[in-house]
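All remarks here apply to the structure that follows.
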Amino acid sequence: MVAANLPFNPPVAHVITPASHFSGSPMSKRALPVTRAENFPEWYQAVVRDADMAEASPVRGCMVIKPWGYGVWELLQRQLDDRIKETGHENCYFPLFIPKSFIAKEAEHVEGFAKEMAVVTHHRLKNVDGKLELDPDAELEEPLIVRPTSETIIGDAFSRWVRSYRDLPLLINQWANVVRWEMRTRLFLRTAEFLWQEGHTAHADEAEAREHTLRMLEVYREFAETVLAMPVIAGEKPENERFPGADNTYSIEAMMQDGKALQAGTSHYLGTHFSKAQDIRYQNREGGESYCHTTSWGVSTRMIGGVIMTHGDDDGLRLPPAIAPRQIVIVPMLRDKPEDAEVLAYCEALQKELSKRVALGAPVRAFVDKKATKSADKRWNWVRRGAPVILEIGPRDAAGGQVTFMRRDHLRDGDKIISTASSREAFIASAAALLEEIQASLFAEAKLRLDEAITPIASFADLEAFFGAAAEDDEAGVAFKGWARVAWSKPTGEALETVATRLKALKLTIRNAPMAQPASVGACIFTGAPGVEEVLIARAY
RNA sequence: CGGGGCGUAGCUCAGCCUGGUAGAGCACCUGCUUUGGGAGCAGGGGGUCGGGAGUUCGAGUCCCCCCGCCCCGACCA
């Protein structure tokens with residue numbers, strides 16, 4: 001398969017020089033200083049910045065999420081929260097700080113997180129010769145860990161909350177911030193502090209806990225595809241990619257436009273590891289004592305990075321309407337003339353009408369951009385931010401009962417901006433359908449890309465050829481490879497480490513074993529032994 | 001934390017080699033002109049040139065140290 005023409009528009013003939021991307025022929029203008037094809041990582045950063053999503057903060061690795069980015073998070077959060085509650089969970093809040101001894105309770109858990117924990121050791125500062133220093137007299141008896149995840153502190157609560165089988169299942173979720181001191185950070189994709197949701201459940205028996213783990217994975221899959229319009233492959237992580245302390249880890253994996261995989265959500269079956277470590281026991285029907293089987297699962301602000309790299313184009317972000325803080329933006333063409341008042345009144349009336357409509361299960365979010373700047377600038381700002389529908393309303397529209405609109409998902413025909421005129425009534429009547437169509441078309445576009453870019457590969461040599469060929473001069477991360485789907489014998493322990501090492505040489509990892517498996521599987525590409533299942537292999541974020 | 005690259009205006013960058021007191025385009029402000037589309041002209045605001053310490057009469061430019069960002073590696077939602 002030739003991958004080069006998969007993700008992007010045909011390579012632009014009119015190469016845009018960074019210093020002058022707003023000059024030159026109007027036909028060649030793009031809203032961003034760099035295209036995906038030129039440099040994908042730089043393009044990503046440009047979108048985050050120019051779409052007003054977030055910015056770096058004075059604290060290394062931490063970000064400021066700006067109103068437009070946080071608005072996306074709130075919509076994402078609300079719709080996922082609904083689903084979490086529909087599946088029987090209740091929200092709680094647990095402390096930011098976790099006693100060091102708690103983390104130490106589960107051996108693998110410690111090992112997995114020890115290298116990236118922020119530790120609070122003092123509770124007071126002292127002024128020493130005009131300098132603020134840690135007060136040696138205020139050292140904590142036991143250091144506190146800023147939570148990297150909350151299994152241990154929630155497990156501690158569970159051990160008190162669970163007495164009898166009648167208390168089970170215990171289904172809890174929390175929305176919180178967590179801290180993992182990462183070596184290398186990228187806005188949204190990997191930050192030292194991030195926002196997420198973590199679900200924690202305790203069950204009487206293994207089968208129910210396992211079922212619940214998969215149920216939440218399915219909630220994530222449906223959520224990602226329906227709300228974020230981001231197609232994913234749900235599957236089980238190989239043993240070496242498991243969450244520290246889990247028996248099984250499942251993920252949803254999304255394909256970014258550079259062909260890399262992004263783990264967009266995880267769900268873990270924790271067995272009885274944490275319940276044994278933390279004494280989460282219950283009295284069973286027979287009067288004896290049993291350990292609970294626990295699960296945990298989470299998605300984070302990383303998903304927003306996934307949305308950007310799934311839907312963004314060379315003009316900026318394209319937001320699925322379901323998570324667009326403003327779905328229909330009305331830009332009045334104001335000209336400092338008396339008729340401005342009429343145009344504005346027309347726009348406001350239009351906004352009011354649109355807001356009465358319901359699309360994707362919620363009132364339409366329509367907005368009139370009254371900011372006193374040039375309308376052309378306002379238009380391009382909304383293009384970069386990815387507002388799904390942008391209207392430009394001038395005096396002629398107002399007088400004639402018309403609207404002129406652009407669809408952000410299909411902004412251009414070649415280099416030309418597609419602007420459509422419609423009667424006001426027809427537009428209002430079809431606005432909800434339009435938003436739903438945009439939601440569907442963004443999904444369809446990404447789904448097609450994902451499906452076409454998964455290549456079955458039957459031998460390790462072919463895998464090397466497939467991924468290795470252009471690996472050398474791929475400094476800008478341009479070469480699009482997509483994913484490979486291969487059969488393997490599911491080795492464990494050292495045999496698996498060997499596989500991982502061979503893949504690492506190609507910068508590859510096993511993403512997951514998709515839930516949907518074929519009836520029969522070929523020979524393992526690593527060992528030649530009979531295959532047990534098929535797995536996806538990719539470069540990853 | 002290792003290897004490479006880079007930090008000059010809000011953004012994209014020039015100036016650094018060959019030291020002489022800070023620039024361009026876009027953005028922003030004011031005025032005039034223009035008006036179905038990222039307009040034109042004129043004027044203007046904005047930078048302790050990432051930070052510190054040195055060499056020098058003089059440092060954006062040379063030397064040293066530190067910090068941050070980006071890419072690759074190790075680690076990871």
Side-chain angles (χ1 to χ4, degrees), chain A residues 16-34 39-42 44-46 49-50 55-61 112-116 148-149 178-198 220 237 241 243-244 249 251-253 262-268 296-306 315 331 333-337 339 343 372-384 390 392-398 400 402 404 406 417 419 421 471-472 474-477 504-505 507 509 539-541:
Chain A
I16 299 153
T17 57
S20 62
H21 62 280
F22 283 162
S23 61
S25 149
M27 288 286 115
S28 71
K29 288 175 186 175
R30 296 283 159 176
L32 293 182
V34 58
N39 189 326
F40 197 78
E42 272 183 29
Y44 175 78
Q45 291 190 87
R49 184 189 64 233
D50 290 351
E55 61 186 26
S57 77
V59 184
R60 187 192 164 275
F113 286 107
K115 284 163 286 183
E116 50 183 32
T149 178
V178 288
V179 169
R180 297 179 188 177
W181 216 260
E182 301 289 351
M183 285 298 168
R184 204 173 131 206
T185 59
R186 283 160 165 267
L187 294 180
F188 289 114
L189 295 177
R190 177 170 296 108
T191 45
E193 178 191 17
F194 57 94
L195 307 182
W196 78 345
Q197 148 280 315
E198 51 179 321
Y220 288 160
K237 286 283 192 189
E241 303 272 349
F243 175 78
T249 287
S251 71
I252 52 171
E253 302 282 332
L262 181 79
Q263 180 174 314
T266 51
S267 185
H268 315 288
S296 70
W297 26 275
V299 306
S300 71
T301 34
R302 166 181 266 198
M303 272 196 155
I304 295 176
D315 289 305
V331 177
M333 314 294 292
L334 304 176
R335 304 191 283 185
D336 276 330
K337 295 267 172 72
E339 62 261 33
V343 173
T373 55
K374 281 183 285 191
S375 35
D377 290 337
K378 289 195 279 193
R379 179 227 289 203
W380 285 103
N381 282 336
W382 290 112
V383 166
R384 277 185 282 267
I390 302 168
E392 293 186 310
I393 304 295
R396 225 177 286 166
D397 293 308
Q402 295 250 321
T404 307
M406 288 164 279
I417 303 290
S419 188
E472 280 69 28
D474 188 19
E475 281 184 14
K504 192 178 281 183
K507 303 179 186 176
T509 51
R539 301 207 166 123
Y541 278 95

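Lettering follows sequence order; numbering is per chain, from 1.
Remark: A:R184 is in phosphate contact with B:rC72, judged by side-chain N or O atoms under 4.0 Å from OP1 or OP2.
The A:R49 side chain lies nearest to B:rU12 when the options are B:rA74, B:rU12, B:rC72. For A:A31, taking side-chain heavy atoms from C-beta onward, the closest of the listed nucleotides B:rG38, B:rG37, B:rG68 is B:rG38. Here B:rG37 is the nucleotide among B:rG38, B:rG37, B:rC71 with the atom lying nearest to any side-chain atom of A:M333.
B:rG25: Watson-Crick or G-U partner is B:rC11, with both key distances under 3.5 Å. Pairing for B:rG47 is absent, with no Watson-Crick or G-U wobble pair whose two atom distances lie under 3.5 Å. If you check B:rC32 for Watson-Crick or wobble pairing at under 3.5 angstrom, you find it paired to B:rG40. When both distances must be under 3.5 Å, the Watson-Crick or G-U wobble mate of B:rC69 is B:rG5. The pairing partner recorded for B:rC75 is none, the criterion being a Watson-Crick or G-U wobble arrangement whose two distances lie under 3.5 angstrom. Across all strands shown, B:rG20 forms a Watson-Crick or G-U wobble pair, both distances under 3.5 Å, with B:rC57.
Residue contacts shown for A:T185 are limited to sugar-phosphate atoms, with no base heavy atom under 4.0 Å away. Among the atoms of the strands shown, none is found under 4.0 Å from any heavy atom of A:S375. Among the atoms of the strands shown, only primed sugar atoms or phosphate atoms (P, OP1, OP2) are found under 4.0 Å from some heavy atom of A:Q45. Here A:K237 lies out of heavy-atom contact (under 4.0 Å) with every strand. Residue-level contact check: A:T149 touches neither bases nor backbone, having no heavy atom under 4.0 Å from any strand. At a threshold of 4.0 angstrom between heavy atoms, the contacts of A:Q263 are confined to the sugar-phosphate backbone, with no base atom among them.
With its ring centre under 5.5 Å from that of the base six-membered ring and a plane angle below 30°, A:F194 counts as stacked on B:rA77.
Taking the C1' atom of each, B:rG60 and B:rC75 are spaced 37 Å apart, rounded to whole Å.
Here the P atom of nucleotide B:rC1 and the CH2 atom of A:W181 are 12 Å apart, to the nearest Å. One atom, CZ of A:R379, and another, P of B:rA27, lie 15 Å apart when rounded to the nearest Å. For the pair A:E42 CD and B:rC11 P, the computed distance is 14 Å after rounding to whole Å. At whole-Å resolution of the value, CH2 in A:W380 and P in B:rG37 are 13 Å apart. If you measure from atom NE2 of A:H268 to atom P of B:rA77, you get 8 Å, rounded to the nearest angstrom.
Looking at A:F194 and A:R180, their side chains come closer than 4.5 Å, going by heavy atoms from C-beta outward. Contact of the A:W297 side chain with the A:Q197 side chain is registered, since non-hydrogen atoms from C-beta on lie closer than 4.5 Å. The shortest side-chain heavy-atom distance between A:R302 and A:Q263 falls under the 4.5 Å cut-off.
Side chain of A:Y44 to backbone of A:L187: a donor-acceptor contact under 3.5 angstrom is found.
Inspection of the A:S251 and A:E253 side chains reveals an N or O donor paired with an N or O acceptor under 3.5 Å. A side-chain donor from one of A:H268 and A:T249 sits under 3.5 Å from a side-chain acceptor of the other.
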**Message:** Could you walk me through whether A:I252 and A:M303 satisfy the side chain to side chain contact (heavy atoms under 4.5 Å, CB included) test, starting with their C-alpha distance in whole Å, then the side-chain angles of each, then the deciding distance to 0.1 Å, before giving a yes or no?
**Reply:** CA-CA 11 Å; A:I252 52 171; A:M303 272 196 155; 4.1 Å; yes
Every protein N/O within reach of nucleotides 28-35 of chain B N/O, cut-off under 3.5 Å:
| residue | atom | partner | partner atom | Å |
| --- | --- | --- | --- | --- |
| B:rU35 | O2' | A:R335 | NH1 | 2.2 |

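For the salt bridge (charged side-chain N to carboxylate O under 4.0 Å, His left out) condition, the pairs that include at least one residue of residues 372-383 of chain A, sequence neighbours left out, are A:R379-A:E392.
Residue A:D50 is the one, among A:D50 and A:D397, whose nearest nucleotide of RNA chain B lies closer to the 5' end (criterion: closest heavy atom).
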